Amino acid sequence: MPELPEVEVVKRSLEKEIKNLTIQKIKIFDGDLRYKVKNQELNKIVGLKLLKIQRRSKYLLFFFSKKNLMVAHLGMTGKFLIERKNRLKQKTSFYYQADYTKNKHNRIEFLFHDNVKIIYNDIRKFGFIKLERINKNICDIKFLKILGPEPLSNELNFKYFKKYLVGKKRNIKSLLMDQKFISGLGNIYVNEILFKSKVRPSKKVSRLKDSEIKYIIFYTKRILKNAIIKGGSSIKDFSNSTGKQGKFQQHFNVYGKQHEECSNTDCNKIIKKIVIGGRASFFCSKCQK
DNA sequence: AGGCATGTTACAGG
DNA sequence: ACCTGTAACATGCC
């Protein structure tokens with residue numbers, strides 16, 4: 001589930017549930033994630049209070065008291081599931097309905113006081129959870145240091161874009177996927193952005209017109225914002241933020257739509273699927289130049 | 001059975 | 001050293 005909008009949705013729902021709560025206990029069922037996690041490491045935050053959660057790109061940053069930071073990345077299939085024991089009976093809200101405890105892909109469990117439990121579940125184990133000390137600037141953290149600007153910030157503007165293209169020979173899709181250029185986009189949203197911008201994913205960046213660059217920037221921001229409002233996109237294994245499904249997949253124009261007709265009203269071309277940089281790429285050969 | 005999957009990165013080759 | 005493309009990671013689904 002996790003590109004920028006999905007991570008943002010997770011961040012908001014998590015913060016609503018566990019901000020200002022203190023961790024009582026952590027159980028690791030399988031710490032063999034992208035990086036190995038050990039009890040010894042995670043136990044450092046037991047007894048500490050969660051002050052706030054931030055999102056940077058696709059990373060979640062959990063700020064705990066005493067300058068402890070927990071960095072999490074969801075990889076391809078990571079999720080945080082929320083469970084409140086004492087409210088299971090009520091079933092008034094989707095947050096409290098499910099009993100997630102028995103899922104075999106539960107990797108780590110965080111028990112907060114107030115009977116709130118957060119479960120990190122990850123089928124493919126490409127995600128990770130890691131503790132960091134906050135010494136100086138969070139920007140110095142290894143994972144965050146190499147990231148380009150947030151696409152929703154003013155740092156992503158025409159001037160930045162244009163300047164970055166100098167000397168580059170790549171195609172536009174790989175560039176948008178490159179987290180050093182802009183951080184937070186992934187395969188789904190890049191396909192959708194390029195469709196709306198009427199730019200072919202294979203187009204070399206050196207051949208982009210100024211107007212096309214402006215469209216790409218505009219639709220990057222618009223599509224991401226819309227997706228966040230819709231609760232992100234839930235594909236296949238659905239369950240987005242915390243049991244709640246996202247709705248943005250209903251608005252996909254090209255992703256996963258090979259063999260379907262182009263959604264532009266004046267076009268009846270069939271959406272094509274090709275591979276660029278090892279990833280599935282979808283486009284309309286008539287509308288995207 | 002084989003191909004494919006929302007991400008990142010180590011490595012090879014230019 | 002830089003730029004670019006590919007393979008690998010672990011697991012499930014069609």
Side-chain angles (χ1 to χ4, degrees), chain A residues 1-11 29-37 55-60 71-80 103-108 120-130 141-148 151 164-194 201-206 223-224 227-228 230-241 245-259 273-282:
Chain A
M1 71 169 150
E3 291 179 47
L4 185 151
E6 291 73 38
V7 179
E8 177 64 24
V9 169
V10 169
K11 180 246 164 186
F29 305 120
D30 180 358
D32 200 6
L33 306 178
R34 193 170 111 202
Y35 306 111
K36 295 224 161 139
V37 218
R55 177 192 60 73
R56 168 75 173 106
S57 180
K58 303 171 193 171
Y59 295 84
L60 286 166
V71 182
H73 192 288
L74 304 173
M76 286 283 223
T77 52
K79 341 182 189 330
F80 280 101
N103 189 301
K104 72 169 170 177
H105 302 299
N106 289 350
R107 309 300 179 189
I108 303 174
Y120 179 70
N121 177 291
D122 192 344
I123 299 173
R124 291 168 72 183
K125 303 201 283 186
F126 289 170
F128 72 86
I129 287 178
K130 199 170 186 310
I141 287 159
K142 171 183 139 191
F143 311 107
L144 312 182
K145 205 151 59 171
I146 54 174
L147 296 176
Y164 199 92
L165 297 190
V166 177
K168 298 285 194 295
K169 293 201 169 82
R170 289 207 255 196
N171 59 67
I172 181 61
K173 180 158 188 265
S174 313
L175 182 77
L176 292 176
M177 298 277 289
D178 186 343
Q179 305 297 302
K180 291 194 291 298
F181 172 51
I182 306 174
S183 60
L185 300 180
N187 202 31
I188 292 178
Y189 292 102
V190 167
N191 275 298
E192 295 299 322
I193 289 162
L194 290 173
S202 56
K203 187 160 190 165
K204 297 288 176 200
V205 295
S206 55
I223 288 173
L224 292 179
I228 292 170
K230 302 280 187 222
S233 304
S234 303
I235 339 178
K236 273 187 187 166
D237 64 337
F238 75 106
S239 130
N240 205 317
S241 49
Q245 287 190 37
K247 301 247 183 299
F248 194 75
Q249 68 279 9
Q250 296 164 14
H251 301 267
F252 288 174
N253 284 301
V254 285
Y255 184 81
K257 302 226 183 258
Q258 69 275 32
H259 310 314
K273 179 183 180 184
I274 59 171
V275 174
I276 297 177
R279 315 304 295 244
S281 308
F282 307 87

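Because the structure is predicted, anything quoted here is derived from the model rather than measured. Throughout, protein chains are lettered first and strands after them, A, B, ... in sequence-line order, and every chain is numbered starting at 1. Atoms considered below: every heavy atom in the structure, side chains included; atoms not considered: hydrogens, waters and symmetry mates.
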Q: Any idea how A:F252 and A:F248 line up, ring-wise: parallel (<30°), tilted (30 to 60°), or perpendicular (>60°)?
A: perpendicular

Q: Of the candidate nucleotides B:dT9, B:dT6, B:dA5, which contains the atom at the shortest distance from the side chain of A:A280?
A: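 From the listed options, B:dA5 comes nearest.
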
Q: Could you give the distance separating C:dT6 and B:dC4 at their P atoms, to the nearest angstrom?
A: 14 Å

Q: Determine which nucleotide pairs with C:dG12, using a 3.5 Å limit on both distances of a Watson-Crick or G-U wobble pair.
A: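 Looking at the geometry, C:dG12 pairs with B:dC4.
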
Q: For the residue pair A:F143 and A:Y35, categorise the inter-ring angle as parallel (less than 30°), tilted (30 to 60°) or perpendicular (more than 60°).
A: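 Ring orientation of A:F143 relative to A:Y35: tilted.
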
Q: Determine the contact category for A:Y255: base if any of its heavy atoms lies under 4.0 Å from a base atom, sugar-phosphate if only primed atoms, P, OP1 or OP2 are that close, otherwise nothing.
A: sugar-phosphate

Q: May I ask you to decide if A:F282's main-chain N or O and A:N191's side chain share a donor-acceptor pair within less than 3.5 Å?
A: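 Checked: pair present.
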
Q: Closer than 3.5 angstrom, by distance alone: can the side chain of A:E192 be matched with the main-chain N or O of A:I223 as a donor-acceptor pair?
A: no

Q: With heavy-atom distances below 4.5 Å as the criterion, would you say the side chains of A:L224 and A:L185 are in contact?
A: yes

Q: Does A:Q179 have a side-chain nitrogen or oxygen under 4.0 Å from the phosphate oxygens OP1 or OP2 of B:dT8?
A: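 A:Q179 to B:dT8 OP1/OP2: side-chain N or O found under 4.0 Å.
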
Q: Give, for atom NZ of A:K58 and atom CD of A:Q179, the distance between the pair rounded to the nearest 0.5 Å.
A: 4.0 Å

Q: Provide, to the nearest angstrom, the distance between the CD1 atom belonging to A:I235 and the P atom belonging to B:dC4.
A: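 In whole Å, B:dC4 P lies 17 Å from A:I235 CD1.
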
Q: Can you check the A:K79 NZ to B:dA5 C1' distance for me, whole Å?
A: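 Rounded to whole Å, this separation is 12 Å.
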
Q: Find the distance between NE2 (A:H105) and CG (A:D30) and round it off to the nearest 0.5 Å.
A: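 Output value for this atom pair is 10.5 Å.
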
Q: Is there a Watson-Crick or G-U wobble partner for C:dA7 with both distances under 3.5 Å, and which nucleotide is it?
A: B:dT9

Q: How close or far is atom P of C:dT4 from atom CD1 of A:I172, stated in whole angstroms?
A: 12 Å

Q: What is the distance, to the nearest angstrom, from the CZ atom on A:R34 to the P atom on B:dG7?
A: 12 Å

Q: In this structure, how many angstroms lie between the P atom of C:dC3 and the NZ atom of A:K204, rounded?
A: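 To the nearest whole Å, that distance equals 15 Å.
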
Q: Using a cut-off of strictly less than 4.0 Å, decide whether A:H73 has a side-chain nitrogen or oxygen near OP1 or OP2 of B:dG7.
A: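 Negative; the distance criterion is not met.
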
Q: Nearest to the side chain of A:R170, heavy atoms from C-beta on, is which of B:dT6, B:dG7, C:dG5?
A: C:dG5

Q: For nucleotides C:dC13 and B:dT8, find the distance between their C1' atoms and express it as a whole number of Å.
A: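 Comparing C1' positions in C:dC13 and B:dT8 gives a spacing of 23 Å.
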
Q: Identify which nucleotide among B:dT6, B:dT9, B:dA5 has an atom closest to any side-chain atom of A:I146, counting heavy atoms from C-beta outward.
A: B:dT9

Q: Could you tell me the separation between the CZ atom of A:R55 and the P atom of B:dG7, rounded to a whole number of Å?
A: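 These atoms are roughly 14 Å apart.
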
Q: Under 4.0 Å, counting only non-hydrogen atoms across every strand here, what does A:K180 touch: a base, just sugar-phosphate, or nothing?
A: nothing

Q: Just one of A:I172, A:N187, A:N171, A:V190 clears the side-chain contact (heavy atoms from CB on, under 4.5 Å) bar with A:I276, so which one?
A: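 In the set A:I172, A:N187, A:N171, A:V190, the residue that makes a side-chain contact (heavy atoms from CB on, under 4.5 Å) with A:I276 is A:N171.
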
Q: For A:N187 and B:dA5, give me the distance from atom CG to atom C1', rounded to whole Å.
A: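 Value for this atom pair: 10 Å.
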
Q: Counting primed atoms plus P, OP1 and OP2 as sugar-phosphate and everything else as base, spell out the protein contacts along nucleotides 8-14 of chain C at 4.0 Å heavy-atom distance: B, S or - for each nucleotide, 5' to 3'.
A: -BBBS--

Q: Quote, to the nearest angstrom, the P distance that separates B:dG3 from C:dA7.
A: 13 Å

Q: When the distance from CZ of A:F128 to P of B:dT8 is rounded to whole Å, what number comes out?
A: 9 Å

